[in-house]
Each structure stands twice: as C-alpha cells, then as structure tokens.
Trainee: 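Got a structure for you, written out below as structure tokens; questions coming shortly.
Hydrogens, waters and symmetry mates play no part in the numbers below; they use all other heavy atoms, side chains included. Whatever order the structure lists ligands and atoms in, that order sets their numbers, starting from 1. When a residue number appears, it is its place in the shown sequence, counting from 1.
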Amino acid sequence: MHWESFYVRSEHIRGSQLRLVDEEVHHLTRVMRKQKGDLIWAVDGLGTAYQVCIDSVSRNEILGHIVKTRRRIREPIAELTLAQGILKGDRFDFLVEKVTEIGVRRIIPVTSARSDVVAGPQKITRWKRVAMAAMKQSGRCLLPEISEAVSLDRVLTMGSNYHKRIIAHPGKGSHSVSLTPKSKGSLATQKILMVVGPAGGFSDEEIGMANENGFHSVSLGPRRLRSETSGIVLCTIVLSQLGELE
Ligand code: SAM
C-alpha cells in the first residue's frame, strides 16, 4: 500500500463503488494529477483502506471502484488514549500531528489547575483537521478521535475502562514506564490511558488525586521536557514496550 491516501466518507461507499468529494478531489486532480484508470488508496478513518481504480473525474467528485480492501493496516493493536493539558498557540496542533503519526487512538484535551488555555469548538475542529491530514500522510486507516476539552477530575474517573493508567510527572515518586506486551496471538486489546500535564505542570494535589485513582506516576528521564515533547515521548515509549514499533 502506498503511504499517501485519500479520505472517503463511509456513507460514500456503496458495494464496490466509491465517491470522493471536497478537498480530496482538488488534491487528487490538481496536486497528484490522477486520472481515469489510475489506482489510488482511500481510507475511511474507521479502520479500512481501499485500493480504488478511478472511473471518472469531474469538478466536484471522483468515482471509482474498489479493487482491494485491507483492514487495520499499519494500526497498533493496543488502544492508546492521550489526555494532554491544552497548550498555547500551535503547540497542540504539533502534538496532535505527531501522536497521530505515532499511532494514538484517542486524544483528550485536558483543563487543569495550572492551565488557562481554552479549547473552544473552533480549536477542536482545527485539531480534527490536523489529525485527518496526519492519518492520510502516515498511511493509517483509523482517524484518532479528538474529544471536547475535559477537566482533569473527569479524566481521572475514566480510568476504570483502561488496563493501565499512567500520569507523566517529573517528581521523586515517579518510576520509569514499565509495560509488558500481551503474548503473541492474544486476542485481548491493551487499553492504556496516558495523562500529560500542561506547560505549568500538575499541582501536588492533582498528582495525589491521580495516584488515588490508580494512575501510576511515570518519569520520562532526568530532563524537564516541554509538555508536547512529553506526550510524544510517552506514546513512543508505550508503543515500543508493547512491541508495536517493530
Ligand atoms: N514546572 C512543571 C512541573 O514541575 O511539573 C513543568 C511541567 S512540564 C513542562 C509539562 C508536563 O510534561 C509535566 O506536567 C509532565 O506531565 C511532563 N513532563 C515533562 N518532563 C517530564 C519528565 N522528565 N518526566 C515525566 N514527565 C515529564
């Protein structure tokens, strides 16, 4: 499968026929110069990739038929959720792009005591667009879900749905990340919830609350990392330890 793919809405697939619309049309015809008869890959963001032969090209749509279907290609089996303190400027855009490339399944923008950045609907829409572009560019077929902004208190109560809960904290009580991959052939999916603080970090009270709720404090080494670096590094360590970067 080629790395670069195009987005097809699931409601635009009927049997073996498929329709591409909006910016995908512009990108395919003007940028990639694709024509009738060419083969391309389209992904639905829900876990399926389709190899498509283009049947017709017009200003508003591209019609094609499916030649090959692949499920969950290049997707980690582990389900990683990153709950991350909201960041100023375009730093959260950068984070969303990178953790999408790495393989995260869900991103939760978090508000907490030392974070005064607001994430309204416009920002959420922008982050969804960034995630879409990163999914297509990295050859993934699952579009990470980006939730509304959620308070840290609320995130800490979500933990029971996950096998492992981790909070990154550069403090004395933190240990290095230690995860064991499931045995080969195991059907169970490992669901991991990772929490990373905003630029101002978490208060001692917040870390105490997280620990009471079963979150293990983990260290990312002796240096103080920027929040977005921490999210990227934590996702990478977790996927690597689960054998998902091989
Ligand atoms: N002054 C803040 C503090 O003392 O917590 C610094 C916050 S740091 C810029 C932002 C977030 O990145 C932290 O809340 C933590 O989640 C994560 N982080 C940064 N460096 C880390 C490290 N060495 N180990 C674990 N987490 C780290």
Trainee: Assess whether side chain to side chain contact (heavy atoms under 4.5 Å, CB included) is satisfied between Thr48 and Cys141, documenting all intermediate values.
Mentor: CA-CA 6 Å; Thr48 307; Cys141 52; 6.0 Å; no
Trainee: Drop me the distance from Leu239's CG to Leu234's CG, to the nearest 0.5 angstrom.
Mentor: 9.5 Å
Trainee: So which of Val233, Val196, Leu225 gets nearest to atom 9 (C) of ligand 1, if we judge by its closest heavy atom?
Mentor: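 Checking each option, the heavy atom nearest atom 9 (C) of ligand 1 is found in Leu225.
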Trainee: So which bit of Pro170 gets within less than 4.0 Å of ligand 1, heavy atoms only: side chain, backbone, both or neither?
Mentor: both
Trainee: What protein heavy atom sits nearest atom 24 (N) of ligand 1, and how far off is it?
Mentor: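 It is Leu220 N, 2.8 Å.
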Trainee: Answer with yes or no whether Thr229 contacts ligand 1, where contact means a heavy atom under 4.0 Å from a ligand atom.
Mentor: no
Trainee: Could you tell me the residue and atom name of the protein heavy atom closest to atom 1 (N) of ligand 1, and the distance to it rounded to 0.1 Å?
Mentor: Arg224 NH1, 3.8 Å
Trainee: So if I apply the salt bridge (Lys or Arg N to Asp or Glu O under 4.0 Å) rule between Lys136 and each of Glu4, Glu101, Glu24, Glu97, which one comes out positive?
Mentor: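 Only one of Glu4, Glu101, Glu24, Glu97 forms a salt bridge (Lys or Arg N to Asp or Glu O under 4.0 Å) with Lys136, namely Glu24.
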Trainee: Do Glu228 and Lys98 have side chains that approach each other closer than 4.5 Å (heavy atoms only, starting at C-beta)?
Mentor: no
Trainee: Compute the shortest N/O to N/O distance between Ala168 and ligand 1 and return yes if it is under 3.5 Å, no if not.
Mentor: yes
Trainee: Within the structure, is a non-hydrogen atom of Gly200 found at a distance of less than 4.0 Å from ligand 1?
Mentor: yes
Trainee: In a check of side chain to side chain contact (heavy atoms under 4.5 Å, CB included) between Ile62 and each of Ile40, Leu28, Val21, which one passes?
Mentor: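 Option passing the side chain to side chain contact (heavy atoms under 4.5 Å, CB included) with Ile62: Leu28.
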Trainee: Taking only Lys NZ, Arg NE, NH1 and NH2, and the carboxylate oxygens of Asp or Glu, determine whether Arg105 and Glu145 approach each other closer than 4.0 Å.
Mentor: no
Trainee: Side chain or backbone of Ser174 under 4.0 Å from ligand 1, or both, or neither, by non-hydrogen atoms?
Mentor: neither
Trainee: Below 4.0 Å, non-hydrogen atoms only: which portion of Pro198 touches ligand 1? Side chain, backbone, both or neither.
Mentor: backbone
Trainee: For Arg223, counting its heavy atoms only, list the atoms of ligand 1 lying under 4.0 Å from any of them.
Mentor: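 Those qualifying, in numeric order: 20 (N), 22 (C), 23 (N).
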Trainee: Polar-atom distance check: Ser230 versus ligand 1, any N or O pair below 3.5 Å?
Mentor: yes
Trainee: Determine, for Arg154 against Glu148, whether the closest basic-nitrogen to carboxylate-oxygen distance falls under 4.0 angstrom.
Mentor: no
Trainee: Using the side chain to side chain contact (heavy atoms under 4.5 Å, CB included) rule, pick out the option among Ile166, Ile102, Leu245 that qualifies with Val238.
Mentor: Ile166
Trainee: Starting from atom 5 (O) of ligand 1, what is the nearest protein heavy atom, named by residue and atom, and what distance separates them?
Mentor: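 Answer, as residue, atom name and distance: Gly201 CA, 3.6 Å.
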Trainee: What's the shortest distance from atom 11 (C) of ligand 1 to any protein heavy atom, and which residue and atom give it?
Mentor: Gly197 O, 3.6 Å
Trainee: Any idea which of Ala199, Ser115, Ser203 brings a heavy atom closest to atom 7 (C) of ligand 1?
Mentor: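 Nearest heavy atom to atom 7 (C) of ligand 1 lies in Ala199.
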Trainee: Can you find a heavy atom in the side chain of Leu242 that is under 4.5 Å from one in the side chain of Ile192?
Mentor: yes
Trainee: Please identify which atoms of ligand 1 are closer than 4.0 Å to at least one heavy atom of Val218.
Mentor: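 So the answer, numbered in order with elements, is 25 (C).
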Trainee: Atom CZ of residue position Arg59 - does it have more than 12 heavy atoms of other residues, nucleotides or ligands inside 6.0 Å?
Mentor: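 No, the 6.0 Å shell around CZ holds no more than 12 heavy atoms from other groups.
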